Amino acid sequence: MKEKYHFEEVEKKWQACWERDDLFSVPDFSDRPKYYCLEMFPYPSGKLHMGHVRNYSIGDVVARFKTMQGYHVLHPMGWDAFGLPAENAAIKHGIHPAEWTFENINNMRDQLKQLGISYDWNREFATCHPGYYTWTQWLFLQLFHKGLAYKKKSAVNWCPDCATVLANEQVIGGCCERCTAQVEKRELAQWFFKITDYAERLLKDMDLLEGWPEKVKIMQNHWIGRSEGAEIDFKVDGFNDTITVYTTRPDTVFGVTYMVLAPEHPLVEKLIAGTERESEIREFVRKVRHLSEIDRTSAEAEKIGLPTGASCINPLTGEKVPILVANYVLLEYGTGCVMGVPAHDQRDFEFARKYNYQVRVVIQPPGPDLNPDTMDAAYEEEGCLVNSGQFNGIPNTTAIKKITSYLEQEALGRFRVTYRLRDWLISRQRYWGAPIPIVYCDRCGVVPVPEAELPVLLPMEVEFKPTGQSPLAECPDFVDAVCPGCGGSAKRETDTMDTFMCSSWYYFRFTSPREKEAPWDKDKVDYWLPVDQYIGGVEHAILHLLYSRFFTKVLYDLNLVSNQEPFTNLLTQGMVLKDGAKMSKSKGNVVSPEDIVARYGADTARLFILFAAPPERDLEWSDQAVEGCYRFLNRVWRLVAPIRGTLNKSSRLPASNLVGINREMRRLTHKTIKKVTEDISERFNFNTSVSAIMELVNALYQYKEVPETDREPSVLREAIDALLLLLAPFAPHITEELWQSTGHEGSIHLQPWPAYDPEALIEDEVTIVIQINSRVRDRLLVPAGLTVEEMQERAMKDPKVLKLIEGKKIVKIIPVPGKLVNIVVK
RNA sequence: GCGGGCGUGGCGGAACGGCAGACGCGCUGGACUUAGGAUCCAGUGGGUUAACACCCGUGAAGGUUCAAGUCCUUUCGCCCGCACCA
């Protein structure tokens, strides 16, 4: 071993050694308690970025810590390997998506190994491998057979740049989640998963997710968007039709002065056919439908409404109300129409003032009466009903239920719960994804591919052109199929599945990655799941995490898994920033993990990232602080290396035999063990763990200066051992090297986590603070364990205190055991 | 507009309601050196002071408390998510 810290040698040596010994491979079962630690697997874009390094460093500390604590830890890694970038690379550079993907995987695997992350690489898989996507397709079939996968023609989100459709969850502020192009609406027949069937359970079971950040739960809650209200039927005057409107305010139904349909509402065409407004409205509808989602739904967009000329009958008043068509009404939400109550809804109020519709007050606040002619805003607060027939005088909160019950009784309406969540669109008009295992037969219709015929393999010889159709459609060998039903000729579905489908079940597959007969071995899944700790970026708060929860519930219902939620604890790590902004090529503020590892080594890179901020918070990159971590590791090396041969074999020595500096040193060792253990296990505060370890090192430098005759060798030995063990999850290479060079057998990463001795923590003397009127006036070194009376007594004898309180009246004395005495005087 | 988070030295960040600023970076001084951008030691929130000391300090303003960065109310700024949801 060298006297100088050469991280390149040390890291290479141990990485090779761990790999040779298969140190991190995990048996399927064990008697020890299990712990499944998982970081979100990456898309193989080519290189790791700092966000990855942060994610995987955090996960590695958790995995190594839990292993040392005696858990049987599953810590796997794989590749979310289907996706658009591979296909775009094919179009741009003429390289096959498969080749591009596997090259990237090889690169990134090397990088992960260079970081020394303790993955069980035997469990690695890529979702684009037939061995995996066979089961993605199999799972699609299970959903299909359960009636949870269906094909429907509807207006869907279309990204012109990616030339494919997107799920609602992938549209961010009207733009494509991947390429930020403005999303358009297109009328297409697409496959959906009925996630809405699970809306209530997805919502309710969030109560089970105690280990999730509140923020993520709130976001999912909002995304699901449950609302309670009523459906009310309005007969259309002169037609045989009924408009069913959804409202959360049935208490205001007597105040309806108009009714608005979405432009796409099926009734619109019928109502205007043959009327003088026909062409005008048709033109309006056409225009609105061609607007992008962002123009259509932005709150700033002007609200435009046109009367259809038709009217409907308010079921409670018998009154005729005009029916309009307006751009702000969405077909997808509720029933695709809105009742206009200008007096009690701000949006309706503004709309009515603009178009001169009547404002009718039906809820009166306490105090002066509202005057519909002079009101300048809607009254949306509570009050009592007026102008509402038999319901007059009832508080509106009670009226909501009463009126709905009445409507239900008269068969004019009913209670109804509505969700904002829509079904999950999974079709993608792209090549590089798992083919949807469906064929279309002229005789038999939509036919699922039999399980025995899986996988439906992706053909390798394909033309890549961004046409808006799946490249598979241009591939006759793929398209032409035999119908499994009648044996006649049929056509294959050429769309592939959303890659979020691949990532919705991968955490099950890690338990039995090579299983050939099923997606997983149920015993193994039941043993390992749920994931005890899941770690990843908050950007997946809705997409991936909601889909995964949905999948887990479906699989639970199919009796394929035994857990209802996939992830018990979730840690959402913050972003890595440079100069206050997210690292990005366009800003030119990217720091490459490769460069950092080459310059300082993996241990330094990991240590910095864990030390610079707590994991949930954003982390500001600092080259100088990285340097500081590098210096610290050098400091550890220089502390341990020179004395490695002189360390006493035994670290056993009872605390009671120790006095003075030796006793102090041992106390700090055990205090540090306690602090680091608690900071990691109770709150994942790795930054304060590291700082505690730094303090221990600083103290050891002092201790080393003590003349050898005054030092107790076993205290030094124990402190050095503890230091290395505590630091091992953070900086696995240097600690392994120093561990073995200080005479230990076996890997440090298989050692038990150190325990602190409560006896060693006991202090003989403590400093107590003396306050007068809450201001610190003196500090006293007193024997530990004084009673409050004794503390008080000492405080009152303190000459400084006596001087300061002289001539004043003591109002009160507040002693805090072992800490302070506050004397309140006047 | 709604929801969430964050405001603490020059910087990243610590502080069960009980000594604000641990630890690290940076800076200053010293030691060792031919040299130091290596290493070691010491200092480092602001102000008054020759010094002992004292005063002021956690975005701002109030409040609760013997005691508030921490709890409550109001307010300002920044970041993130959702946004015509009927």
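Just so we're clear, the structure is a prediction, and the values are computed from it rather than from any experiment.
- Rounded to an integer number of Å, the gap from A:M219 CE to B:G3 C1' is 10 Å.
- Listed by chain and number, the residues in a side-chain contact (heavy atoms from CB on, under 4.5 Å) with A:E664 are A:R667 (sequence neighbours excluded).
- Residue A:A612 places its side chain closer to B:G12 than to any other of B:G18, B:G12, B:A15.
- Contacts of A:Q771 with the nucleic acid, taken as non-hydrogen atoms under 4.0 Å apart, include base atoms.
- The stretch residues 336-350 of chain A participates, sequence neighbours left out, in these side chain to side chain donor-acceptor pair (under 3.5 Å) pairs: A:Q346-A:E350.
- With both ends at atom P, the span from B:G24 to B:C41 equals 11 Å, rounded to whole Å.
- When the side-chain nitrogen and oxygen atoms of A:R420 are compared with OP1 and OP2 of B:A83, one or more of them lie within a distance under 4.0 Å.
- Checking the phosphate oxygens (OP1, OP2) of B:A86, a side-chain nitrogen or oxygen of A:Y333 falls inside 4.0 Å.
- Side-chain atoms of A:K303 come within donor-acceptor range of the base of B:C84, with a qualifying N/O pair under 3.5 Å.
- In this structure A:E169 satisfies the side chain to side chain donor-acceptor pair (under 3.5 Å) test together with A:W223, A:Y547, sequence neighbours excluded.
- Distance A:I542 CD1 to B:C82 C1': 8 Å, rounded to the nearest Å.
- The partner of B:U70, taking Watson-Crick or G-U wobble pairs whose two distances both stay under 3.5 Å, does not exist in any strand shown.
- Applying the 6.0 Å contact sphere to NZ of A:K704 captures more than 12 heavy atoms from other residues, nucleotides or ligands.
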Letter by letter from the 5' end, nucleotides 22-28 of chain B scores (B base, S sugar-phosphate only, - none; protein heavy atoms under 4.0 Å) BBSSS--
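- For the side chain to side chain donor-acceptor pair (under 3.5 Å) test, no residue two or more places apart in sequence or in another chain qualifies with A:R353.
- With both ends at atom P, the span from B:A50 to B:U33 equals 39 Å, rounded to whole Å.
- As a whole-Å value, the separation of A:L261 CG from B:A86 C1' is 13 Å.
- Annotated as anti: B:G12, whose glycosidic dihedral deviates from 0 by more than 90°.
- Checked against B:A83, B:G13, B:C66, the side chain of A:W223 finds its nearest nucleotide in B:A83.
- With B:C82, B:A86, B:C66 as the choices, the nucleotide that has an atom nearest any side-chain atom of A:N822 turns out to be B:C66.
- For A:Q702, counting side-chain heavy atoms from C-beta on, the closest listed nucleotide (B:A86, B:A42, B:C40) is B:A42.
- When heavy atoms are screened at a 4.0 angstrom cut-off, A:I218 is found touching the sugar-phosphate backbone but no base atom.
- Judged purely by distance below 3.5 Å, without hydrogens or angles, the side chains of A:N396 and A:D251 pair a donor atom with an acceptor atom.
- Atom-to-atom, CZ of A:F234 to C1' of B:A86 comes out at 12 Å; the value is rounded to the nearest Å.
- Pairing for B:A53 is with B:U48, a Watson-Crick or G-U wobble pair whose two hydrogen-bonding atom distances lie under 3.5 Å.
- Nucleic acid contact for A:D618: sugar-phosphate only, since backbone atoms but no base atoms lie under 4.0 Å from a heavy atom of the residue.
- Note on A:K215: every side-chain N or O is 4.0 Å or more away from OP1 and OP2 of B:G5.
- Remark: A:K354 engages A:E302 in a salt bridge, criterion side-chain N to carboxylate O under 4.0 Å.
- If you take atom C1' in B:U44 and the same atom in B:G9, they sit 10 Å apart, rounded to whole Å.
- Looking at residues 335-355 of chain A, you'll see A:V338, A:R347 sit with a heavy atom under 4.0 Å from some atom of RNA chain B.
- Applying the side chain to side chain donor-acceptor pair (under 3.5 Å) rule to pairs touching residues 812-826 of chain A yields A:S774-A:N822, sequence neighbours excluded.
- Backbone-only engagement by A:V824 is indicated by non-hydrogen atom pairs under 4.0 Å involving sugar-phosphate atoms exclusively.
- Atom pair A:N685:CG and B:C16:C1' shows a separation of 14 Å (rounding to whole Å applied).
- For A:R249 and B:C85, the shortest distance from a side-chain N or O to OP1 or OP2 is not below 4.0 Å.
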Restricting both atoms to N or O, compile the protein contacts to nucleotides 6-11 of chain B shorter than 3.5 Å, with distance only.
none

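- Taking the six-membered ring for Trp and thresholds of 30 and 60 degrees, A:Y246 and A:Y333 have ring planes more than 60 degrees apart, a perpendicular arrangement.
- Using cut-offs of 30° and 60° for the angle between ring planes, the A:F686 and A:F730 rings count as perpendicular.
- Using C1' as the reference atom, B:G17 and B:G10 are 30 Å apart when rounded to the nearest Å.
- Shown here, B:G81 forms a base pair with B:C2; the pair counts as Watson-Crick or G-U wobble because both key distances fall under 3.5 Å.
- Searching all strands for a Watson-Crick or G-U wobble partner of B:U65 with both distances below 3.5 Å returns nothing.
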Side-chain polar contacts of residues 608-621 of chain A - donor-acceptor pairs under 3.5 angstrom, sequence neighbours left out - could you list them?
| residue | atom | partner | partner atom | Å |
| --- | --- | --- | --- | --- |
| A:D618 | OD1 | A:M575 | N | 2.8 |
| A:E620 | OE1 | A:G580 | N | 3.1 |
| A:E620 | OE2 | A:D579 | N | 2.8 |
| A:E620 | OE2 | A:G580 | N | 3.4 |
| A:W621 | NE1 | A:D623 | OD1 | 2.9 |

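- Taking A:D778 as the reference, nothing meets the side chain to side chain donor-acceptor pair (under 3.5 Å) condition, with sequence neighbours excluded.
- When both distances must be under 3.5 Å, the Watson-Crick or G-U wobble mate of B:A42 is B:U28.
- Minimum atom distance to the side chain of A:Y701 is reached by B:C41, of the listed B:C41, B:A86, B:C66.
- Heavy-atom minimum distance, A:W212 versus A:Q220: CZ3-NE2, 3.9 Å.
- For A:I218, the side-chain contact (heavy atoms from CB on, under 4.5 Å) criterion is met by A:E214, not counting sequence neighbours.
- Across the strands present, B:A14 finds no partner; the criterion is a Watson-Crick or G-U wobble pair with both atom distances under 3.5 angstrom.
- The shortest side-chain heavy-atom distance between A:I734 and A:W637 falls under the 4.5 Å cut-off.
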Look for any protein N or O under 3.5 Å of an N or O in nucleotides 52-55 of chain B and output each such pair with its distance, or none.
| residue | atom | partner | partner atom | Å |
| --- | --- | --- | --- | --- |
| B:C55 | OP1 | A:R777 | NH2 | 3.2 |

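- Rounding to whole angstrom units, CD of residue A:E539 and C1' of B:G81 are separated by 12 Å.
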Verdict with supporting geometry, A:D233 and A:T242, side-chain hydrogen bond (donor to acceptor under 3.5 Å, both in side chains): CA-CA 6 Å; A:D233 301 330; A:T242 299; over 6 Å; no
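- The distance from atom OH of A:Y5 to atom P of B:U39 is 14 Å, rounded to the nearest whole Å.
- Taking atom P on both nucleotides, B:G57 is separated from B:A61 by 9 Å, rounded to a whole Å.
- Here A:E332 contributes atom CD and A:E264 contributes atom CD; the two are 6.5 Å apart, rounded to the nearest 0.5 Å.
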